[in-house]
A.B. asks: 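The structure is given below, and queries will be raised subsequently.
Because only heavy atoms are used, hydrogens play no part in the values below, and waters and symmetry mates are left out as well, while side chains stay in.
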Amino acid sequence: MRKIVLAAAAFGLAFTASPALADDHAKAEPELAKVDWYRINMIKWKSGKGQRAHEIIDMFEKVDAALGYDDVIDIHMNTGEWHSIVAIPMRQGIAAMGWANNAESDKWDAEFAKQVGGEDKAKELWAEYQSLIAEHHRHVGHIDQ
C-alpha cells in the first residue's frame, strides 16, 4: 500500500509547480534535504511491445533485488496516455544529478552485466529495451519526509 501512496504522490508532485521554491529559493533550500527524491519515467510502449518490455523490466528488478533494493515503484497504467510510470529513488538525493559518475549506477550496471552474461549482452538488452519505447518523458519529483 505504501508503494501505491508513494507512487501517487510522486506522480502528482512531478506535475505540480512549487511557487514557494521559485519565490523564496534561499529560504527553501535547506528543506531540500528533508525530502525523498525520485526520477519519474513516463513511458508509452510501441504497439505490441509492452510484454517484452516488462520481461526486460523483470531482469532489472532481479538486479535491484540482488543489490538489496525494493523501492522502485512501477505502475502499469489502465487509463491515460502512459502505459507505465516508474518512480526510481535517487538514493544519494538531488545532488546525484550533478555527478559525472555515479557509483550506485556503476554498481547496478556491473550487477546487470553479471546477471545477463556480460557487458555486451547487457548493452544488447538495453538497446532492445530502448527500441520498445514509443515515447518517454523524464521528470524529477519528491516526497516530503
A.B. asks: Just wondering, are more than 12 heavy atoms of other shown residues or ligands nearer than 6.0 Å to NZ in Lys114?
C.D. replies: no
A.B. asks: Parallel, tilted or perpendicular for Phe60 and Trp126, by the 30°/60° rule?
C.D. replies: parallel
A.B. asks: What's the spacing between Asp144 CG and Asp36 CG if we round to 0.5 Å?
C.D. replies: 9.0 Å
A.B. asks: Check whether any side-chain heavy atom of Val86 sits under 4.5 Å from a side-chain heavy atom of Ile75, and report yes or no.
C.D. replies: no
A.B. asks: Looking only at non-hydrogen atoms, find the nearest pair between Ala122 and Ala113 and report the distance.
C.D. replies: CB-CA, 3.9 Å
A.B. asks: How many angstroms lie between atom CD1 of Ile40 and atom CE of Met90, to the nearest 0.5 angstrom?
C.D. replies: 10.0 Å
A.B. asks: Just wondering, more than 12 heavy atoms not from Lys49 lying within 6.0 Å of its NZ?
C.D. replies: no
A.B. asks: Rounded to the nearest 0.5 Å, what's the gap from CG on Leu132 to CD on Glu55? Could you check?
C.D. replies: 9.5 Å
A.B. asks: Report yes if some heavy atom in the side chain of His142 is under 4.5 Å from a heavy atom in the side chain of Tyr38; otherwise report no.
C.D. replies: no
A.B. asks: Can you tell me how far apart CH2 (Trp37) and CD1 (Ile143) are? Round to the nearest 0.5 Å.
C.D. replies: 11.5 Å
A.B. asks: Given side chains that start at C-beta, do those of Val63 and Gln115 come closer than 4.5 Å, heavy atoms only?
C.D. replies: yes
A.B. asks: Does any non-hydrogen side-chain atom of Asn41 lie less than 4.5 Å from one of His137?
C.D. replies: no
A.B. asks: Looking at Gln51, I'd like to know if its CD atom is crowded, meaning that more than 12 non-hydrogen atoms belonging to other residues, nucleotides or ligands lie closer than 6.0 Å.
C.D. replies: no
A.B. asks: Under 4.5 Å between any side-chain heavy atoms of Val72 and Glu61, yes or no?
C.D. replies: no
A.B. asks: Could you check if a side-chain atom of His83 sits within less than 4.5 angstrom of a side-chain atom of Met77, using non-hydrogen atoms only?
C.D. replies: no
A.B. asks: Mind running side chain to side chain contact (heavy atoms under 4.5 Å, CB included) on Glu124 and Asp120 for me, showing each step along the way?
C.D. replies: CA-CA 6 Å; Glu124 179 183 313; Asp120 289 341; over 6 Å; no
A.B. asks: With rounding to the nearest 0.5 angstrom, report the CE to NE2 distance, Met42 to His136.
C.D. replies: 8.5 Å
A.B. asks: Walk me through whether Tyr69 and Trp108 qualify under ring-ring contact (aromatic ring centres under 6.0 Å, His included).
C.D. replies: CA-CA 10 Å; Tyr69 303 144; Trp108 195 96; 9.2 Å; no
A.B. asks: Kindly assign one of parallel, tilted or perpendicular to the pair His54 and Trp45, based on the angle between their ring planes and the thresholds 30° and 60°.
C.D. replies: perpendicular
A.B. asks: What's the shortest heavy-atom distance between Ile133 and Lys46, and which atoms?
C.D. replies: O-CE, 3.5 Å
A.B. asks: Any chance you could measure Asp64, atom CG, to Asp74, atom CG, to the nearest 0.5 Å?
C.D. replies: 10.5 Å
A.B. asks: Inspect the surroundings of CZ in Arg138 and state if more than 12 heavy atoms from other residues, nucleotides or ligands are less than 6.0 Å away.
C.D. replies: no
A.B. asks: Kindly indicate whether the side chain of Gln92, heavy atoms from C-beta on, has any atom under 4.5 Å from the side chain of Glu104.
C.D. replies: yes
A.B. asks: Using side-chain heavy atoms (C-beta onward) and a distance below 4.5 Å, is Val116 in contact with Met59?
C.D. replies: yes
A.B. asks: Tell me if the CG atom of Asp58 is crowded by more than 12 foreign heavy atoms within 6.0 Å.
C.D. replies: yes
A.B. asks: For a quick test of reading the model, state the closest non-hydrogen atom pair linking Lys107 to Leu67 and the distance between them.
C.D. replies: CG-CD2, 4.0 Å
